[in-house]
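Some notes on the structure that comes next.
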Amino acid sequence: MRHWSDEMAHTLLRVSSVADWQSYHDIRRSVLWQERGLHGYDESRPEERLLHHHPLLLRFNGRGAGTTRLDNLRDGTGIARLVAVCAALRGQGHGRILDTMVKEYANKLGLHTLFVNAAADALGFYTSTGWGRLVHNRPQLLEQADECVPMQITIVR
Ligand SMILES: CC(C)(COP(=O)(O)OP(=O)(O)OC[C@H]1O[C@@H](n2cnc3c(N)ncnc32)[C@H](O)[C@@H]1OP(=O)(O)O)[C@@H](O)C(=O)NCCC(=O)NCCS
């Protein structure tokens, strides 16, 4: 069930301020490392700062709610990496809004196709939001990952 009345409560921004970097890293560390019993999340990886990589923060009512990084492969395609919604906010439609806003953002960059390495337990989310299993060749930069399913979506309108 949704707990807001107006989708304007959500904004998606490219991370740049110190506070937003903090929020971005906190969400990723908590959701994708600590919840999975992993350690050693590294905030200083140079891939985060490349110009064609877009670290994105979804804000809900002004607070960090979700993240992903959209890597522009500069051939009309891109990879959504490390999609995460804060634990307390899951199952309320924020992931779907993040997904929609990332597709709009990608569209503005001129991308026509997106890829993701979907965690096995998030497959239902990707299916619900229109993604399908990768049918053609895997882009070189979409690493083969254990227990992940490569997926894609065409976003050209
Ligand atoms: C996957 C994730 C981003 C989804 O975010 P969310 O805010 O819970 O998703 P929503 O509430 O917007 O759900 C959107 C749709 O996906 C479905 N969905 C969400 N998570 C699902 C799951 N794990 N299994 C099956 N369906 C799921 C919902 O039922 C909903 O469908 P509906 O609108 O047809 O009812 C979030 O659960 C998360 O951060 N999980 C942990 C990290 C993770 O697995 N990230 C993905 C890495 S590839």
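Residue numbers count from 1 along this sequence. Hydrogens, waters and symmetry mates are skipped; everything else that's a heavy atom, side chains included, is used. Just follow the structure's listing: the first ligand is 1, and inside any ligand the first atom is 1.
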Checking a contact table here: which protein heavy atom is nearest [atom], and how many Å away?
atom: atom 19 (C) of ligand 1; result: Phe125 CB, 3.7 Å
atom: atom 38 (C) of ligand 1; result: Arg90 NE, 3.5 Å
atom: atom 22 (C) of ligand 1; result: Asp121 O, 3.8 Å
atom: atom 25 (C) of ligand 1; result: Gly124 CA, 3.4 Å
atom: atom 5 (O) of ligand 1; result: Gly95 CA, 3.6 Å
atom: atom 42 (C) of ligand 1; result: Val31 CG1, 3.5 Å
atom: atom 17 (C) of ligand 1; result: Ser128 OG, 3.8 Å

Arg96 to Trp131, cation-pi by 6.0 Å centre distance and 45° axis angle:
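No cation-pi geometry.
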What distance do Asn107 atom CG and Met101 atom CE have between them, rounded to the nearest 0.5 Å?
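Going from the CG atom of Asn107 to the CE atom of Met101 covers 14.0 Å.
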Rounded distance (nearest 0.5 Å) linking atom CD1 of Ile27 with atom OG1 of Thr68
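Going from the CD1 atom of Ile27 to the OG1 atom of Thr68 covers 11.5 Å.
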Assess, by modelled atom type and distance only, whether the side chains of [X] and [Y] contain a donor and an acceptor separated by less than 3.5 Å.
X: Glu48; Y: Tyr24; answer: yes
X: Arg74; Y: His52; answer: yes
X: Ser23; Y: Asp26; answer: no

Consider every N or O of [X] and every N or O of ligand 1, then say whether any pair is closer than 3.5 Å.
X: Val83; result: yes
X: Val85; result: yes
X: Tyr126; result: no

Residue [X] vicinity, atoms of ligand 1 by number, heavy atom under 4.0 Å:
X: His94; value: 7 (O), 12 (O)
X: Gly91; value: 6 (P), 7 (O), 8 (O), 11 (O)
X: Arg96; value: 12 (O), 15 (C), 31 (O), 32 (P), 33 (O), 34 (O)
X: Ala119; value: 48 (S)
X: Gly93; value: 10 (P), 11 (O), 12 (O)
X: Gln92; value: 11 (O)
X: Ala84; value: 39 (O)

Ligand 1 contact by Val116, heavy-atom criterion under 4.0 angstrom:
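Distance cut 4.0 Å: Val116 fails for ligand 1.
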Hey, is Arg28 one of the residues with a heavy atom under 4.0 angstrom from ligand 1?
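Checking ligand 1 against Arg28, which is what was asked, there is no heavy-atom contact under 4.0 Å.
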What part of [X] sits under 4.0 Å from ligand 1 if we count only heavy atoms: the side chain, the backbone, both or neither?
X: Asn117; answer: backbone
X: Glu35; answer: neither
X: Arg36; answer: side chain

Would a distance-only check, ignoring hydrogens and angles, find a side-chain to backbone donor-acceptor pair under 3.5 Å from Thr77 to Leu73?
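Looks like no, no N/O pair under 3.5 Å.
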Any sub-3.5 Å donor-acceptor pair from Arg138's side-chain atoms to Glu143's backbone N or O?
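Confirmed, Arg138 side chain pairs with Glu143 backbone.
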Salt bridge (charged side-chain N to carboxylate O under 4.0 Å, His left out) evaluation trace for Arg14 with Asp20
CA-CA 9 Å; Arg14 181 177 179 145; Asp20 288 338; over 6 Å; no
Common cluster, Leu56/Leu82, ILVMFWY with side-chain heavy-atom separation under 4.5 Å:
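No, it is not one cluster - the side chains of Leu56 and Leu82 are not joined through contacts under 4.5 Å.
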Are Leu123 and Leu134 grouped together when hydrophobic residues (ILVMFWY) are joined by side-chain heavy atoms under 4.5 angstrom apart?
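In one cluster with Leu123: Leu134, no.
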Taking atom 29 (O) of ligand 1 as the reference point, report whether a protein heavy atom occurs under 4.0 Å from it.
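It does not: no protein heavy atom is found less than 4.0 Å away from atom 29 (O) of ligand 1.
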Which of these, Arg28, Arg29, Arg90, sits in a salt bridge (charged side-chain N to carboxylate O under 4.0 Å, His left out) with Glu35?
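It is Arg90, the one option of Arg28, Arg29, Arg90 that forms the salt bridge (charged side-chain N to carboxylate O under 4.0 Å, His left out) with Glu35.
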His94 and Phe60 aromatic ring geometry - parallel, tilted or perpendicular at 30°/60° bounds
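The arrangement is perpendicular - the two ring planes meet at more than 60°.
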Would you find more than 12 non-hydrogen atoms of other residues, nucleotides or ligands less than 6.0 Å from Glu47 atom CD?
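Atom CD in Glu47 is packed in, count exceeds 12.
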